[in-house]
> 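Below you will find the structure I want to go over with you.
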Amino acid sequence: MDVLSRSPLRNYINGQWQPAQTTDELPVYNPATATVLNRVPLSPRQDVETAVRAAATAFQDWRRVPAPQRIQPLFQLRQLLTDNLDELCRLITLECGKTLAEARGEWQRALENVEVACGIPMLMQGNNLEDVARGIDEMTFRQPLGVCAIITPFNFPGMIPFWFLPYAIACGNTVIIKPSEKVPLTMQQVTRLIAATDLPPGVVNLVNGAKTVVETLLEHPTVKSISFVGSSPVAQHIYTQAAAHGKRVQCQGGAKNPLIVLPDADPKLTTRIAADSAFGCAGQRCLAASVAVTVGQAQSWFPEAIAQAASERVVGNGLDPEVQMGPVISAQSRARIEGLIQKGLDEGGRASVDGRNPRIPGGERGHFLRPTVLTGLPSDGELARTEIFGPVLGLTHVETIEDAIALVNRSPWGNMACLFTRSGAAARQFRSEAEAGNIGINIGVAAPMAYFPFSGWKASFFGDLHGQGRHAVEFFTQTKVVVERWFDAWTRQF
Ligand code: NAD
């Protein structure tokens with residue numbers, strides 16, 4: 001693959017591939033083997049400046065291209081992504097560690113966002129009313145913002161840029177994307193495909209790097225909006241800084257997602273779905289279940305069943321089709337997760353399955369952990385509050401659904417909450433009262449489809465409008481209201 005052989009990675013600015021103006025670089029690792037796949041430049045301010053100028057110039061023409069024409073390159077991109085799907089899945093597995101099946105699922109979600117954005121000629125419409133007063137009509141138009149910045153995390157290198165990118169450009173904006181420096185290969189390859197479409201130069205720009213790139217985008221007066229996904233402390237910082245610089249901003253942050261198991265839940269299905277939620281993508285999903293709450297008699301079967309599912313999960317290199325769970329992203333991440341497991345034990349918890357120090361044949365140098373299940377964690381302990389972002393599920397117990405809902409609502413996080421039950425009344429109560437942005441009923445990863453917003457509340461989201469669907473269209477457009485009167489023989493009478 002070309003993105004693996006040409007080093008370091010390059011930036012794509014104004015339709016040209018160019019080296020970053022720096023020798024400052026970081027290695028990009030394969031987390032399953034700890035081998036270096038490539039090197040990513042930490043672009044300096046001047047590269048961001050060049051990209052912003054290119055995007056601002058391109059905006060002048062792009063915003064005037066009619067909406068039905070603006071979506072044509074998206075149809076081309078969809079085809080190119082589909083034609084190159086195997087290679088794109090392999091890249092995600094190589095740099096991020098998840099299994100090929102998980103990478104395929106990720107691309108499915110990315111493609112759906114391209115498809116939804118192709119509806120922009122309808123989605124972007126304003127509204128109007130004739131005769132708001134005699135002879136006067138009033139209407140709204142949705143107009144693009146200008147240069148929009150997109151900053152993404154490591155755990156979905158393909159999907160998350162697509163929560164924003166297709167909508168932004170279909171609405172007539174131009175964009176600068178800064179992928180995570182831990183997984184920059186996927187967007188490098190996607191940008192090659194973007195370069196093969198009829199999108200004019202400067203509409204999509206890619207700038208690799210880390211904090212300096214982000215700080216420059218946050219401060220730059222020409223950048224009109226910031227779309228960010230990552231950890232909550234960084235999300236909050238970016239939200240504050242972007243707002244202080246007068247920008248529109250949406251920041252999706254971290255999570256600690258509870259999954260409530262009522263006594264009447266289907267044991268087999270619930271266990272399978274809960275295990276997939278907690279341990280899929282090695283727990284590195286903002287919609288991973290990280291706390292399972294048994295209610296009443298569910299305690300008699302769920303802890304044992306989930307421990308068994310955890311210990312049976314096949315862990316290894318995600319390129320192996322038999323593997324169900326790959327490594328975590330880095331050695332530092334594994335050390336952090338192991339430290340948090342120890343913290344849980346120190347707080348009085350017990351590991352019914354301890355996934356530390358696993359023996360993975362062929363994966364001796366990789367950043368592997370096995371699934372871990374912790375019981376008896378104190379509800380006011382550090383582990384009950386801290387996002388672990390690894391394959392660790394904590395178990396806790398309450399007596400009633402009201403107690404479970406109270407536990408969900410006490411949490412500072414609000415990305416997702418799930419309920420497992422056969423009772424419609426319980427499901428309805430939970431759906432209505434649980435304070436989280438994404439709710440799953442007998443669903444373990446309540447990931448909204450592209451035509452719904454990817455919600456998130458409390459410490460899991462900073463902003464007003466989320467990614468995907470109509471929220472994205474609203475975020476990437478500003479509303480102009482026109483009040484209009486034309487004098488003619490009839491209106492002159494008034
Ligand atoms: P991260 O916050 O470390 O990094 C995210 C992005 O911010 C990267 O592009 C990084 O280069 C940049 N960044 C990091 N520190 C920065 C700083 N101090 N100043 C400016 N920019 C900075 O997140 P991560 O480790 O890549 O991703 C995992 C996190 O993302 C988890 O907390 C997870 O829950 C969250 N996440 C949330 C969602 C959601 O929809 N809510 C989705 C996926 C991931």
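Just follow the structure's listing: the first ligand is 1, and inside any ligand the first atom is 1.
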> Do Asn30 and Thr35 have side-chain atoms, one donor and one acceptor, less than 3.5 Å apart?
no
> Which atoms from ligand 1 have a heavy atom of Trp163 less than 4.0 Å away?
40 (O)
> Hey, which atoms in ligand 1 end up nearer than 4.0 Å to a heavy atom of Gly254?
32 (O), 34 (O)
> Name the closest protein heavy atom to atom 3 (O) of ligand 1, giving the residue it belongs to and the distance to 0.1 Å.
Ser231 OG, 4.0 Å
> Polar-atom distance check: Lys178 versus ligand 1, any N or O pair below 3.5 Å?
yes
> Which heavy-atom pair separates Ala434 from Ile439 by the least distance, and what is that distance?
CB-CD1, 3.8 Å
> I'd like to know if Arg370 and Asp354 make a salt bridge, using a cut-off of under 4.0 Å between side-chain N and carboxylate O.
no
> Please list the nearest protein heavy atom to atom 32 (O) of ligand 1 with its residue and the distance rounded to 0.1 Å.
Glu387 OE1, 2.7 Å
> For ligand 1, which atoms sit closer than 4.0 Å to a heavy atom of Val214?
20 (C), 21 (N)
> Would you say His237 and ligand 1 have an N/O pair spaced under 3.5 Å apart?
no
> More than 12 foreign heavy atoms under 6.0 Å from OH of Tyr29: is that the case here?
no
> For residues 155-170, run the donor-acceptor check on the side chains, cut-off 3.5 Å, and write out each pair with its distance to 0.1 Å, sequence neighbours left out.
from: Asn155; atom 1: ND2; to: Gln284; atom 2: O; distance (Å): 3.1
from: Trp163; atom 1: NE1; to: Gln468; atom 2: OE1; distance (Å): 3.4
from: Tyr167; atom 1: OH; to: Asn113; atom 2: OD1; distance (Å): 2.6
from: Tyr167; atom 1: OH; to: Ala450; atom 2: O; distance (Å): 3.3
from: Tyr167; atom 1: OH; to: Gly469; atom 2: N; distance (Å): 3.3

> Is the shortest distance from a Lys or Arg side-chain nitrogen in Arg39 or Asp24 to a carboxylate oxygen in the other one below 4.0 Å?
no
> Work out which heavy atom in Pro31 is nearest to a heavy atom in Val328; give both atom names and the distance.
CB-O, 3.3 Å
> Look at atom NZ of Lys343 and say whether more than 12 heavy atoms of other residues, nucleotides or ligands are closer to it than 6.0 Å.
no
> With heavy-atom distances below 4.0 Å as the criterion, list the atoms of ligand 1 near Glu181.
10 (C), 11 (O)
> Who's closest to atom 5 (C) of ligand 1 heavy-atom-wise, of Asn155, Val229, Leu287, Val234?
Val229
> Is there a polar contact between ligand 1 and Lys211, counting only N or O atoms under 3.5 Å apart?
no
> Return the closest protein heavy atom for atom 40 (O) of ligand 1 as residue, atom name and distance.
Gln252 NE2, 2.9 Å
> Does the side chain of Glu112 come under 3.5 Å of the side chain of Gln108 through a donor N or O and an acceptor N or O?
yes
> Judged by non-hydrogen atoms, does Gly253 sit under 4.0 Å from ligand 1?
yes
> Short N/O distance, under 3.5 Å, between Phe154 and ligand 1?
yes
> Hey, is atom 26 (O) of ligand 1 under 4.0 Å from any protein heavy atom?
yes
> Mark the output for Phe228 as yes if a heavy-atom distance to ligand 1 is under 4.0 Å, and as no if none is.
yes
> Considering only the protein, which heavy-atom contact is closest to atom 28 (C) of ligand 1, and what is its distance?
Phe389 CE2, 3.5 Å
> Heavy atom to atom 35 (C) of ligand 1, shortest distance: which of Pro157, Gly230, Pro153 holds it?
Gly230
> Could you tabulate the donor-acceptor pairs under 3.5 Å formed by side-chain atoms of residues 202-211, not counting sequence neighbours?
from: Asn205; atom 1: OD1; to: Asn14; atom 2: N; distance (Å): 2.9
from: Asn205; atom 1: ND2; to: Val175; atom 2: O; distance (Å): 3.1
from: Asn205; atom 1: ND2; to: Gly202; atom 2: O; distance (Å): 2.9
from: Asn208; atom 1: ND2; to: Arg10; atom 2: O; distance (Å): 3.1
from: Asn208; atom 1: ND2; to: Asn11; atom 2: OD1; distance (Å): 3.4

> Can you name the atoms of ligand 1, numbered from 1 with element, that are less than 4.0 Å from a heavy atom of Asn415?
41 (N)
> Under a 4.0 Å N-O cut-off, is there an ion pair linking Arg45 with Glu219?
yes
> Counting only heavy atoms from other residues, nucleotides and ligands, does the tally under 6.0 Å from CG of Asp464 exceed 12?
no
> Is Phe454 close enough to touch ligand 1? Criterion: a residue heavy atom under 4.0 Å from a ligand atom.
yes
> Taking only heavy atoms of Thr152, which atoms of ligand 1 are found under 4.0 Å from at least one of them?
6 (C), 8 (C), 9 (O)
> Tell me which one of Ser330, Cys286, Gly467 gets a heavy atom nearest to atom 36 (N) of ligand 1.
Cys286
> Relative to the heavy atoms of Ile160, which atoms of ligand 1 are at a distance of less than 4.0 Å?
42 (C), 43 (C)
> Between the side chains of His220 and Glu49, does any donor sit under 3.5 Å from an acceptor?
yes
